[in-house]
Engineer: 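Here it is: the structure, laid out below.
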Amino acid sequence: MEFRRRGGRPDNSFGDYRFDYPTDDHARRRRRGRFWGLLKWGLAASAFIGLGWWLLLPNSTVDSSALEISRNETSQRPFGAGAQAGTEVPAIPSTKLPVEEALSVTATAHLIKTGKSPAKPSPTDNAHNSRPSSSVSTNISQDIETSTRSTDKIVDASESVVDASEQQKRKAEAEAVSEKQQDDLIRQALLGGNTTQAESMENEGDSPARPTKDHPKKPSKKKPKSPRPEKLNTEDNTPVNVMPILPSSSVWCYGDTRATRVCRFRNICYHPTEQEWFIAQTNRTIQSNVPLHRFHTGLLELSTVQGHPKFFFNFIEVDPFRPEFQNMKVRYEETMHFVLARLHPRNIMHNLHDDVLGMYYMLKEYIGKGSPTLNMPFSLDTHRVLIYDEYGPTDSTRPFQYLSNHRLRFKAYLKQDKDVVTCFRDAVFGNSKLTTWYQYGFTEPQGPIPEKLPNGMHVREVSEWFIRRIGLPLEDDEDYSRPSTDLTTYVPADAADFFTESDLIVIITRRGNRLILNEQELAKQLTDAFKLQVQFVSNEEHGFEEQVKFMRRARVVLGMHGSMMIMTMFCRRGTAVIEMFPFGVPSENYTPYRTLASLPGMELSYRAWEQTDESQCVPRPENHKLLGGIAHLSKEKQAEVLATKRVPKHICCDNPFWLYRIYQDTNVNSTEVITLIEDALEESAEILSAARTINYEATDILPPLVTKIVCLDGPNRLPGELWAEWKQPWTGAKVDKWNILIGGSKEEGGQREFVAAGSKPIMAIKGFSPGQLVQFWIRPIVGDFKGEWGKRVECRV
């Protein structure tokens with residue numbers, strides 16, 4: 001066996017080479033391949049023979065292949081998941097009985113009466129089911145129509161029986177789906193077994209089916225199951241080879257603490273049996289900035305959720321020269337991988353805030369390349385993303401795929417073969433906390449991260465990157481390349497001057513919990529008040545791209561407190577955001593979206609609405625305890641929960657006072673909400689008027705060292721007065737004032753400091769002896785920032 005470079009030349013070194021080794025079981029694999037090939041051909045031949053016999057048999061069922069049904073349009077959706085901006089997509093299919101099922105009802109009735117199969121019915125006989133297409137012939141023979149009419153009574157009776165059975169069947173299926181989805185929520189809340197994630201579940205978008213007053217949800221009696229394993233796509237597998245000896249590893253870490261540390265590895269491996277990450281330690285290994293004692297505290301965090309032990313990451317060292325680490329089966333990944341873990345895989349708020357925003361800046365820092373002309377800050381072809389948690393793809397995974405042109409990989413990829421080690425030539429572990437603004441209450445009540453206010457322009461950079469990728473236009477105030485001369489003067493205006501007739505009022509709707517019970521009435525009153533179309537948007541009905549497109553058209557967004565409110569990060573400046581809360585939930589204690597709207601540069605007009613009438617909310621005490629149920633509590637505790645009319649501050653994650661109130665369904669007071677929207681739109685007009693005068697890309701810059709200081713003299717200079725001047729910073733930095741330090745011996749009184757009045761780079765200081773040689777230094781001051789002292793200067797007075 002020999003090592004070969006990618007060009008094919010033998011070599012006995014490791015680092016940058018591909019390993020291709022012949023194995024002894026190649027012949028066995030070829031024999032197995034021939035066997036399976038013959039088996040596949042045999043099955044295909046059997047299928048064709050069966051199809052032929054079926055075609056030759058008498059037709060005993062209704063042939064509906066000639067019918068091309070155009071389903072009734074039940075709702076309008078301006079955009080589709082893969083459509084370009086401004087295009088229409090097909091309407092949502094009707095939920096009415098499919099035509100094939102309707103035809104089978106007629107066939108059943110005909111067989112009951114005659115014992116024979118009926119002829120093909122006219123499309124008009126099924127008009128109650130669908131709208132026939134123009135391709136269906138309308139010339140049906142008279143005897144078929146007569147036969148159909150003669151069986152009407154039997155058909156009606158049969159249809160009623162079948163409809164009843166179908167309703168029971170569908171009801172049972174809906175209950176099964178509801179129970180399955182509730183199990184998903186509970187399973188997700190218990191993800192990892194380290195802590196219940198009920199607090200993060202507060203924003204859950206994938207929820208059980210909508211309950212009704214006649215059929216309230218029943219608590220699930222099943223025990224929570226462990227997360228379902230993902231279905232692995234084996235087509236994406238890297239080939240396995242036998243590696244005589246593992247290549248030497250190295251690791252470079254950046255950051256001083258576990259919370260800030262990110263590490264880049266060369267040749268790190270995952271052992272599926274031991275479920276451990278390890279490196280091959282040799283005399284050539286580099287370990288830069290790696291703490292020696294790190295196993296109890298963790299080397300780094302795979303998530304931006306700070307301090308959660310579930311995400312602590314570590315590696316161990318192995319001796320690659322020991323026999324057990326030689327001739328190992330290895331899946332060697334040559335493409336760079338970025339490794340992270342998710343707190344809440346099925347929650348779009350957590351996926352964007354905790355994971356995607358930070359990973360964007362990780363790629364910007366470590367990958368580079370890209371294309372300035374296409375507004376691509378990094379290449380999408382040179383790396384992959386590995387999500388290292390127990391879940392695979394979910395309904396909220398879509399934004400991750402934008403980070404690479406390669407398929408996403410998940411933890412199951414590492415564990416697919418117990419005897420195969422997966423090694424990565426280059427891998428980066430950790431995520432950037434640059435843009436995180438909210439903490440979820442694991443150690444203190446939830447709220448904005450203390451002493452941290454991220455730059456909203458960093459959030460907007462990511463959202464505008466997604467908007468360009470989806471193919472949507474940006475607004476003028478989002479074009480940061482325009483010169484200052486294009487900015488207009490401030491002109492107060494009405495909000496209507498900045499929006500178009502195609503704008504929407506977006507209502508974020510939920511299907512499983514925290515329902516808006518009167519959402520149709522609310523939509524009608526909003527339309528009447530603002531003369532704008534109302535669009536309902538939900539996770540169940542709309543994909544990520546569709547949601548972004550609706551948010552870009554929104555003049556107003558309103559919804560119950562929940563994960564989809566994070567989608568307001570894609571809204572235009574000046575959009576009014578109304579977050580609504582059920583009775584008893586103080587809006588000032590739950591502020592992830594209020595904080596987002598207030599970040600510098602986001603410029604959203606935020607308002608919060610709380611239901612103050614308890615009778616207008618419907619609690620769900622029968623639910624599972626993590627979904628607002630209280631049946632598991634003692635009678636005394638239940639009474640305490642019911643008597644507490646305002647949720648007190650609490651720690652994550654299973655506080656019954658919080659869960660009982662947040663999972664209520666709510667009747668919204670339309671009048672109060674309309675008043676809030678009107679107030680928000682007034683602020684919106686101010687924001688948008690100011691946006692005409694502001695270049696949001698511009699910022700203050702720090703001044704450099706003071707240089708080119710010149711001693712001055714003149715007929716007006718008094719004896720013993722020091723004159724000097726210097727130039728303003730050529731960088732364009734603005735200086736508030738100048739700090740001058742005068743040197744001197746102890747006999748001369750020591751050093752003295754002066755401040756030059758105003759920002760002009762000139763000074764005149766009295767109190768020196770004529771002919772004295774004065775040494776001094778100058779530094780700039782901007783706000784609270786004091787620059788560095790420049791070089792020493794000497795002037796003779």
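Treat the numbers as computed from the prediction; the structure is a model and nothing was measured.
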Engineer: Determine yes or no for a side-chain-to-main-chain donor-acceptor pair under 3.5 angstrom, with E301 supplying the side chain and G307 the backbone.
Structural biologist: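 Side chain of E301 to backbone of G307: a pair is present.
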Engineer: Using a strict threshold of under 4.0 Å (side-chain N to carboxylate O), is an ion pair present between R384 and E333?
Structural biologist: no
Engineer: Check whether any side-chain N or O of R322 sits under 3.5 Å from a backbone N or O of F325 as a donor-acceptor pair, and report yes or no.
Structural biologist: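 Not confirmed, R322 side chain does not pair with F325 backbone.
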Engineer: Is the backbone of G562 close enough, under 3.5 Å, to the side chain of Y593 for a donor and an acceptor to pair up by distance?
Structural biologist: yes
Engineer: May I ask you to decide if the ring planes of H542 and F550 are parallel, tilted or perpendicular, using 30° and 60° as cut-offs?
Structural biologist: perpendicular
Engineer: Do we get R469 above W465's six-membered ring, with its NZ or CZ under 6.0 Å from the centre and within 45° of the axis?
Structural biologist: yes
Engineer: When the ring planes of W277 and F424 are compared, do they come out parallel, tilted or perpendicular, using 30° and 60° as the limits?
Structural biologist: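 Tilted.
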Engineer: Please work out which of the three classes, parallel, tilted or perpendicular, describes the rings of Y590 and W658, given edges at 30° and 60°.
Structural biologist: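 If you compare the ring of W658 with that of Y590, the planes turn out parallel.
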Engineer: So, S250 side chain and I286 main chain: donor-acceptor pair closer than 3.5 Å or not?
Structural biologist: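 Yes, because the side chain of S250 sits within donor-acceptor range (under 3.5 Å) of the backbone of I286.
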Engineer: Parallel, tilted or perpendicular: which describes the rings of H350 and H344, with under 30° parallel and over 60° perpendicular?
Structural biologist: parallel
Engineer: Kindly check if the number of other-residue, nucleotide or ligand heavy atoms within 6.0 Å of NZ (K433) is above 12?
Structural biologist: yes
Engineer: Please report the C-alpha distance between D426 and Y366 in whole Å, then the side-chain angles of each, then the deciding distance to 0.1 Å, and finally whether the side-chain hydrogen bond (donor to acceptor under 3.5 Å, both in side chains) criterion is met.
Structural biologist: CA-CA 11 Å; D426 292 289; Y366 286 92; over 6 Å; no
Engineer: Ignoring hydrogens and angles, tell me if any N or O in the side chain of N267 forms a donor-acceptor pair with the backbone of S248 under 3.5 Å.
Structural biologist: yes
Engineer: Sub-3.5 Å donor-acceptor pair from the side chain of S379 to the main-chain atoms of K369, do we have one?
Structural biologist: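 Here the side-chain-to-backbone pair does not exist.
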Engineer: Mind checking whether L352 and M567 have side chains closer than 4.5 Å, heavy atoms only?
Structural biologist: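 Answer yes - side chains close enough.
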Engineer: A cation-pi test, strictly: NZ or CZ of R407 under 6.0 Å from the centre of the six-membered ring of Y413 and no more than 45 degrees from its axis. Yes or no?
Structural biologist: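 That pair does not qualify as a cation-pi contact.
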Engineer: Under the salt bridge (charged side-chain N to carboxylate O under 4.0 Å, His left out) rule, what do R460 and E478 come out as? Steps first, then yes or no, please.
Structural biologist: CA-CA 9 Å; R460 280 207 170 270; E478 295 168 326; 3.6 Å; yes
Engineer: When you measure from the side chain of S249 to the backbone of Q281, do you find a donor-acceptor pair of N or O atoms at a distance under 3.5 Å?
Structural biologist: no
Engineer: Is the NZ or CZ atom of K364 both under 6.0 Å from the centre of the six-membered ring of F378 and within 45° of that ring's axis?
Structural biologist: no
Engineer: For T575 and A554, work out which heavy atoms get closest and say how close.
Structural biologist: OG1-O, 3.5 Å
Engineer: Under 4.0 Å between a side-chain nitrogen and a carboxylate oxygen: does that hold for R409 and D236?
Structural biologist: yes
Engineer: Less than 4.0 Å between a side-chain N and a carboxylate O, is that true for D355 and R342?
Structural biologist: no
Engineer: Which atom pairs, one a donor and one an acceptor, fall under 3.5 Å between side chains of residues 290-299 and the rest of the protein, sequence neighbours left out?
Structural biologist:
{"residue": "R294", "atom": "NE", "partner": "P291", "partner atom": "O", "Å": "3.3"}
{"residue": "R294", "atom": "NH1", "partner": "N314", "partner atom": "OD1", "Å": "2.7"}
{"residue": "R294", "atom": "NH1", "partner": "F315", "partner atom": "O", "Å": "2.8"}

